Structure formats: structure tokens, C-alpha cells
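Accompanying notes for the structure given below.
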Amino acid sequence: MNVPTTTTTSGPAAPPASEAVTDRFEVADLVAPQGRPLPTGFVIGAATAAYQIEGARHADGRLDSIWDTFSHTPGAVVDGDTGDVACDHYHRFADDVALMRRLGLQSYRFSTSWSRVVPDGRTVNAAGLDFYERLVDELLGAGISPWLTLYHWDLPQALEDRGGWTVRDTTDRFVEYAGAVHDRLGDRVRTWTTLNEPWCSAFLGYTAGMHAPGRTSVADGLAAAHHLLLGHGRVVQELRARDASLELGLTLNFTVADPLDPADPRDVDAARRVDGQMNRIFLDPVFRGAYPADLLEDVHGLGLTDHVMDGDLEVISSPIDVLGVNYYNGEAIAHWQPEVTLDDSVNGGRVTRSPFPAADSSFRHPRGLPVTAMDWEIQPDGLTRLLHRLHEEYTGPAGVPLHVTENGAAFDDVPDADGFVDDADRVAYVRSHLGAVLDAAEAGVPVRGYFYWSLLDNFEWAWGYAKRFGIVRVDYDTQERTPKASALDLARVIATRVLPTGHPSTDAAAAGADERAGEREA
């Protein structure tokens, strides 16, 4: 689907999104279902990212990011979609926050756009900061805690033109940008994430060519990974010096790489390489102050150590207060190619390659599990195992709690005549993964919260608008927001503080029927 490529400065009035949600989910009218109680203090929220929802490409001084450039490159994004308009959140943020309030979200994880705040990479744009000030004030007024991510992949194109994350100078610019955001919002935002998923930024963007900026260089990906980590450490030090009371951290995306045949040393090595080049390449420098020895051996001669200067790892391992965990799926890895593959790659005709620098003999094999529309296997127990491992090997010794900062699923949503989506598959996905988090918490893992990805259907990077992750449906032609059954189910979990154990298809259908009945009576 191609969305409109222009928008007005003020934007048309947003259509009503969810009046019936309030009718359906008045807390006083809710009866707690049979299920599992949430831990005391456990936070439930939702997450988004600036480029995926804001639109307003050149409004109020914003200049292009690498994703503006990439999405306008023929063949880079499905159907030629761009984030020029996206969900028009820039103009509709107040209505979106009102919707979050009606759903009862306790926290909202969002990102600031570097290309909106410092459009040319050096000059602060006050109008860009004005927008985020309005957003944060709206959230606080609605009783929703803001969780701010400084970098969710939208590097200013001006900095990419000067080398991007492959050059050390970008870390200086990142510190300046972080300081500008803190100058404006530091008195109101307590939780700050430096980076979201640096693996994607480095290796999908600079090695695989699947994401912006679209390079296909192993050496560039490794350089970018180190400089992203260095930028993280430097910003943690800068913000810590400004305000020691801030909660600082970063968010990493993880896989759970299991050898297809644990008795075959070749499969064990193939899985080890994936784990090292996706998980431990970031975990070990942050928590142990060193790159893993086996990783260094795997990538020897590919350029990583050329960029590691004296003192870098001490900066990178600056203590943090929280680790964000993004989990969508695990995988079975073997040393040989399967006949039937799980295909979540997207390629509109561009030259791409594997994102892994040195794992040419590591192949993902299907295990017969259910899959999402992304062809990602649904494996909630992998999240429980991941949380245990992180706590036992990394965060526990450092005294750092965990938050699941992204978890979600794309399915082939089918709206009814009213725009309502009875997404029982997504309801089941959320319930099972929240249950997996509770399993870990009840076993003593200090996991403090869960953020669903995503609040809204949005621009899904190289997939454009072809994949929908949201618990709120967005009609891209009208920008109308309609909470799906999954949104209503999550609202009930938040309101009652109980995770239902009943069959979600029955519960979701009932919730949707009540919702539509409320709309007809209104």
C-alpha cells in the first residue's frame, strides 16, 4: 500500500479513535478473570519509534534521515512505501496519548528523532524539541510514564554523508544530541535508553544492506557496532554526570540460538556463531568490558579491532540501571541448508547479504512451530530461557533489572465493516509471552515490565506498510485508529492486574462483540 506523500502543517482533525474503549473498559465494571496475578509494581506499556509513526518529513525544520533516503531508493522498501506521512503522529499525538490513557497504559516507550532535533548533525532545532516537550507533557498529564529512546535508527543523512556510524566522530555528535534532548526534557523524563537494537543498525544497515543506509560491508558493520557501543557508553557517562538519579540503559534485540542437533559439534558451532555475533557482541562489552574471545577469533582480520582504542571498553562498560530486552523469536541453527526455509527477508531487487560477519555455515531450520506473518516462529518459552540466561550471566551479577521493551507479532489482520480486528492470534501471542515473563519473574528473575510492540500499525521498515504489528489498527487512507481485540484484552490485563488463562479466541471475540455493541448504542 502506498500512503499519501504530503501532509499539511496542522493536519486534518483526527477521526474519533476509541470512545467505546472507555465504555467497554471502565475499571469499576471489570471483573478480574481467572488467571495469574501480575507482580506488584510490574509495568505494562507499549512502544513505538519516531520514523515509523511521526510522518511530517520536513515539518518545522526536520531534515532527512538515512531512512528517508533509503525508503526513497527504488527497490529498498516493499511497494515503494516511505515514512513521509506514516501514522501522522506528529500532528495527532494528543489523540494518540488519549487513546493510551483509555487503554490504561502505564508507560509509553518512544524515540526522539535525531534528524528532527539536530537535523544537520550539529545545529539544534528548537522546534523539534518543542514537539517532544508537548508529547512528554501530554503523557505526564495523562498519568503515563515516558520512556525515552535516543536512537531508533534515524541517523541524520548529513552525518551518514560524513561516514555515519563507521567513523568515530559520530559518537561525538551523538553525545551532543543527547545533551540537547536532556537540556529540554531531563526534568520530566526519568528513564533513558541510549540505543535501540544496535545489532540492526550495524549489521542490517551496514553489512546486510537490508536496512538504511543500505551498505553491504562486513568491515563497515563491525566498525558501526563498535562505534554504536562507544556512543552508548559516552552518553551514559554524560547523562550520569548531569543527573545521577536518572535511570539509564540500552535495549538489545536477542535471539535464542539452539543447535538443531546438540550432539553434532558442527551445529553447536553454527549456533555459537549466531549467538556470538548477535547477542554477546553487545552484552560482553557492556557487562564485562571486553569482546568475547571466540567472537574475536571468528572475525579476526575483518577490521573490528582496528577501531578499538585505549579506554573504549571502559567507557562502553559504564554501569547502567536497566537492560531492555527485545524478543520476537528463537531459532534452531544447523551447519547445513534446509530444504524448506523460514523466509523473513525482504528484497525489492537490491543486492543484499547475510548480516552475520562470519557465520556463513549457520542456517536457520524450521521446527514445525506456529509462525507469524513475518515467518517468525512463535516460541514463548524462549523468552523465559532468555531472561534466565541474561540474569544469571550478565545482569544479575551487575545488579541490573530487566524490562521486556519489545515483544509482538504481525498477523494478516482482517477488519470487519466497522474497522474492528478480532485478532485472536495476537491475543494468544501476547498472553503466552506475558505468561513466559511471569514464569521468569516467579522464579526470581527481576523483570520489571513488558512493552508491547507496537501500539499502532506503522511503517515496518523495509516491509513498508505490508506488515501490521499494532494492537491499534491504523487506516492509512483516513488515519483512523481502531483498537483491536488485542488492545482490549491488554487493557483488561492492566485494569485487573490479572493475566487470563482462558482461551483467547473466545475471550477476544466476546470483547469485540461488546465493543461493537457499545459503538451501535453510542
Side-chain angles (χ1 to χ4, degrees), residues 51 63-73 76 111 113-115 118-122 150-178 194-236 250 252-253 276-278 280-282 284-286 291-292 295-296 298-313 315-316 350-359 461-462:
Y51 187 75
L63 298 179
D64 282 351
S65 72
I66 55 175
W67 268 97
D68 294 283
T69 302
F70 187 75
S71 66
H72 282 268
T73 302
S111 73
S113 167
W114 193 345
S115 52
V118 191
D120 64 0
R122 291 184 178 272
L150 286 164
Y151 187 68
H152 200 133
W153 309 354
D154 50 356
L155 183 73
Q157 182 62 42
L159 292 182
E160 175 62 22
D161 292 342
R162 296 197 285 271
W165 284 111
T166 67
V167 299
R168 200 174 182 89
D169 181 71
T170 301
T171 67
D172 296 329
R173 307 288 80 79
F174 188 45
V175 174
E176 293 169 357
Y177 155 61
T194 55
L195 308 172
N196 178 79
E197 298 185 349
W199 183 85
C200 296
S201 299
F203 296 114
L204 291 182
Y206 285 89
T207 292
M210 299 174 186
H211 280 191
R215 301 197 209 180
T216 53
S217 165
V218 168
D220 286 353
L222 290 168
H226 181 71
H227 292 140
L228 281 155
L229 281 168
L230 183 61
H232 153 74
R234 291 191 60 195
V235 167
V236 166
L250 82 163
L252 303 175
N253 58 307
Q277 294 168 43
M278 184 167 182
R280 291 182 289 115
I281 191 172
F282 297 103
D284 280 44
V286 170
Y291 285 106
L295 170 79
L296 292 176
D298 291 341
V299 302
H300 178 72
L302 299 179
L304 173 60
T305 55
D306 295 342
H307 302 281
V308 182
M309 304 291 121
D310 289 344
D312 281 4
L313 288 162
V315 173
I316 291 168
R350 292 171 48 83
V351 174
T352 59
R353 52 147 287 142
S354 167
F356 295 104
W461 306 115

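Side chains included, hydrogens not; waters and symmetry mates left out as well; all remaining heavy atoms used. On a predicted model such as this, the values are computed, not experimentally measured, just so you know.
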Please confirm whether W67 and H211 have ring centers closer than 6.0 angstrom.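 Ring centroids of W67 and H211 are less than 6.0 Å from each other.
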Measuring only between side-chain heavy atoms, which start at C-beta, is [X] closer than 4.5 Å to [Y]?
{"X": "H226", "Y": "Y291", "result": "yes"}
{"X": "N253", "Y": "C200", "result": "yes"}
{"X": "P357", "Y": "Q277", "result": "yes"}
{"X": "P198", "Y": "F203", "result": "no"}
{"X": "E160", "Y": "T69", "result": "no"}
{"X": "W114", "Y": "R173", "result": "yes"}
{"X": "L150", "Y": "L195", "result": "no"}

Tell me, with the steps shown, if Q157 and D68 meet side chain to side chain contact (heavy atoms under 4.5 Å, CB included). CA-CA 8 Å; Q157 182 62 42; D68 294 283; over 6 Å; no
Report the residues that fulfil ring pair (Phe, Tyr, Trp, His ring centres under 6.0 Å) with F282, sequence neighbours left out, ordered by chain and then residue number. none
Checking Y206 now: which residues fulfil ring pair (Phe, Tyr, Trp, His ring centres under 6.0 Å) with it, not counting sequence neighbours?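 So Y206 forms no ring pair (Phe, Tyr, Trp, His ring centres under 6.0 Å) with any residue.
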Going through the distances and angles, do T166 and R215 end up as a side chain to side chain contact (heavy atoms under 4.5 Å, CB included)? CA-CA 11 Å; T166 67; R215 301 197 209 180; 3.5 Å; yes
I need the minimum non-hydrogen distance between [X] and [Y], along with the two atoms involved.
{"X": "P285", "Y": "L313", "value": "CB-CD2, 4.1 Å"}
{"X": "G205", "Y": "P213", "value": "O-CD, 3.5 Å"}
{"X": "H232", "Y": "I316", "value": "CD2-O, 3.9 Å"}
{"X": "P156", "Y": "P119", "value": "CB-O, 3.6 Å"}
{"X": "Y51", "Y": "S71", "value": "OH-OG, 3.0 Å"}

Excluding sequence neighbours, so at least two apart, what forms side-chain contact (heavy atoms from CB on, under 4.5 Å) with T216?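 Only R353 meet the side-chain contact (heavy atoms from CB on, under 4.5 Å) criterion with T216.
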Given E176 and T171, is the side chain to side chain contact (heavy atoms under 4.5 Å, CB included) satisfied, shown in steps? CA-CA 9 Å; E176 293 169 357; T171 67; over 6 Å; no
Examine distances only and state if a side-chain atom of [X] and a backbone atom of [Y] form a donor-acceptor pair shorter than 3.5 Å.
{"X": "T207", "Y": "S217", "answer": "yes"}
{"X": "T170", "Y": "G164", "answer": "yes"}
{"X": "W153", "Y": "A212", "answer": "no"}
{"X": "Y177", "Y": "R122", "answer": "no"}

Donor-acceptor pairs under 3.5 Å, side chain of residues 299-309 to any protein atom, not counting sequence neighbours: which ones?
none

Rounded to the nearest 0.5 Å, how far does NE2 of H227 lie from CG of L222?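 The NE2 atom of H227 is 11.0 Å from CG of L222, to the nearest 0.5 Å.
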Test of understanding: with salt bridge (Lys or Arg N to Asp or Glu O under 4.0 Å), list the residues that count as partners of E197, not counting sequence neighbours. none
Report the residues that fulfil salt bridge (Lys or Arg N to Asp or Glu O under 4.0 Å) with D298, sequence neighbours left out, ordered by chain and then residue number.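 For D298 the salt bridge (Lys or Arg N to Asp or Glu O under 4.0 Å) partners, ignoring immediate neighbours, are R272, R273.
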Mind telling me whether H152 and W461 have parallel, tilted or perpendicular rings, with 30° and 60° as the class edges?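 Ring orientation of W461 relative to H152: parallel.
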Over 60° means perpendicular and under 30° means parallel, so classify the ring planes of Y151 and W165, tilted if in between. perpendicular
Going by the side-chain contact (heavy atoms from CB on, under 4.5 Å) test, name the single residue among V315, D312, T194, V286 that passes it with L229.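 Output: one option passes, namely V286.
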Of S65, S111, S201, S113, which is the lone residue that meets side chain to side chain donor-acceptor pair (under 3.5 Å) with D154?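 When side chain to side chain donor-acceptor pair (under 3.5 Å) is applied between D154 and each of S65, S111, S201, S113, only S113 qualifies.
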Under the side chain to side chain contact (heavy atoms under 4.5 Å, CB included) criterion, do L159 and D161 qualify, and how do the steps go? CA-CA 5 Å; L159 292 182; D161 292 342; over 6 Å; no
